[in-house]
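Values in this document were obtained by computation on a predicted structure and should not be read as measured data. A note on names: the letters A, B, ... follow the listed sequences, proteins ahead of strands, and every chain is numbered from 1.
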Protein chains: 2
Amino acid sequence: MKSDVNKTTRGIQSRNREEVTTRILVAAEKVFAEFGYAGASISRIAASAGIPKSNVVYYFETKEALYRRVVGEIFDIWRAAADSISVDNDPIRALGEYIDTKLDLARTRPYGSKVWANEIIQRAPIVQDYLEDELRSWTENRITVIEAWVQNGQIRPISARHLLYAIWATTQHYADFTHQITTLNDGVELSDAQWEDTKTAVKDLLLSGVALPGQDGVVTDG
Amino acid sequence: MKSDVNKTTRGIQSRNREEVTTRILVAAEKVFAEFGYAGASISRIAASAGIPKSNVVYYFETKEALYRRVVGEIFDIWRAAADSISVDNDPIRALGEYIDTKLDLARTRPYGSKVWANEIIQRAPIVQDYLEDELRSWTENRITVIEAWVQNGQIRPISARHLLYAIWATTQHYADFTHQITTLNDGVELSDAQWEDTKTAVKDLLLSGVALPGQDGVVTDG
DNA sequence: GTCTATATACAGATAGAC
DNA sequence: GTCTATCTGTATATAGAC
């Protein structure tokens, strides 16, 4: 803010700023997921990032601002995952890709999913504006696409909205409820093969009711 | 504990104890759901129950003990909801009833569902024993039933485990993500008619892939 | 049984040394 | 930019008056 000094070293400092910022964001995503917003103390986030807690405050000013950054990231990632849902694409293939991508994210970014779940469970006290400004219109657009597929006779006349909710619920379940799933898997995390089985099973269960009778390609997909 | 005194009034006191205990449990379920374990202070629970906070401590001793009671209740209710999953019952009818009951509970006991979700998201720091002692064997029993249905040729050869997870995920989504669903419903809670539509849509989506080709009765059910 | 007062710990955020 | 010291508030739990 009061810059001027150290102008010559700004390049190095900027890179350092970015590195530290990223470290904090990664740590924060995990700690917010595992302890909830209230239970995630700045000192715990700092300890997880390996820096003093006042450093966290210095880079993000407040706990809430840091939290919003974390939530915003997973929100953006999920939106990009739905790119395949477009009128020009084949419905079963597009929905299958969406499920695959969401399940890959459930495995690779489980903490982000958990933070989002926590926030919604608690009635979005901090990111309600995201829901109203962005999620709402985004969702309506996807529903319009799915309804167009129904109109065109490309899929069975299912409820587009509830199909979307079912895909969200099921794919995110494998992230949010990882601990329960692991416990029911004799305490060991799902293997690569089990994750592949999961993808196949989820697509089979959710898309068999969507595909037209006799249509194939639900399970057998790259 | 050091009883003896006031023996004649014990009947009245016991009834009062039960009343107050219930008030606290109802308040606690809501507050734990809306603020998470760490964010749910005893004073907030007490305020919600309309009593002084030391009273809450008197009846439940610790915040953790109170929390365990709350989690245990929803766990028991959900187990009872799966009574219909029994080899002697018709699969599609039984699974449809299970989905209906879970969705009814999503509407009537959303806070319990949220508390459970929160606890699992945070890796069951307090009720891990429930998962290992009770949930595990209970789940395996249900999977055995569904696999028997497959063996008997009563349903398609789906993955029993992932079907169960999909039912849990989808039905609980309507409780845990109520706020998101409400926001996407223009800010108003689902109406009676919309809840009926939800039941129909969820059963249609999840059970179309389970029923044998040409089998009906998935959607058309009392 | 009920409630006030309090002990002890830790939270978020800030001031200011370096 | 980084970190120590500290201010202020609130948490759980307990002691003990009534």
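Using a 4.0 Å cut-off between a side-chain N of Lys or Arg and a carboxylate O of Asp or Glu, A:Arg161 and B:Asp197 do not qualify as a salt bridge. We find that A:Asp100 and A:Arg93 are not joined by a salt bridge, their nearest charged nitrogen and carboxylate oxygen being 4.0 Å or further apart.
Among all heavy-atom pairs drawn from A:Leu103 and A:Trp195, the shortest one is O-CZ3, 3.7 Å. Closest of all the heavy-atom pairs between A:Arg123 and B:Glu34 is NH1-OE2, 3.5 Å.
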Could you give the side-chain donor-acceptor pairs of residues 108-116 of chain B under 3.5 Å, partners two or more places apart or in another chain?
{"from": "B:Thr108", "atom 1": "OG1", "to": "B:Asp104", "atom 2": "O", "distance (Å)": "3.0"}
{"from": "B:Arg109", "atom 1": "NE", "to": "B:Glu29", "atom 2": "OE2", "distance (Å)": "3.1"}
{"from": "B:Arg109", "atom 1": "NH2", "to": "B:Glu29", "atom 2": "OE1", "distance (Å)": "2.9"}
{"from": "B:Arg109", "atom 1": "NH2", "to": "B:Glu73", "atom 2": "OE1", "distance (Å)": "3.4"}
{"from": "B:Ser113", "atom 1": "OG", "to": "B:Asp176", "atom 2": "OD1", "distance (Å)": "2.7"}
{"from": "B:Trp116", "atom 1": "NE1", "to": "A:Gln180", "atom 2": "OE1", "distance (Å)": "3.2"}

(message) Each nucleotide in nucleotides 3-18 of chain C should get exactly one letter: B, S or -. Can you fill that in based on protein heavy atoms under 4.0 Å?
(response) BB------SBBB----
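Atoms CZ (B:Arg23) and P (C:dT2) sit 12 Å apart, rounded to a whole Å. The distance between atom CD1 of B:Ile126 and atom C1' of D:dT12, rounded to the nearest whole Å, is 13 Å. Atoms CD (A:Glu19) and P (D:dG1) sit 12 Å apart, rounded to a whole Å.
A donor-acceptor contact under 3.5 angstrom links the side chains of B:His179 and A:Gln128, judged on distance only. For the residue pair A:Glu119/A:Tyr67, the side-chain donor-acceptor check at 3.5 Å is satisfied.
Two end axes, each from the C1' atoms of five base pairs, can be drawn for the helix from C:dG1-D:dC18 to C:dC18-D:dG1; they diverge by 0°, to 10 degrees.
Using a distance-only test at 3.5 Å, with no hydrogens or angles considered, a donor-acceptor pair links the side chain of B:Asn89 to the main chain of B:Ser84.
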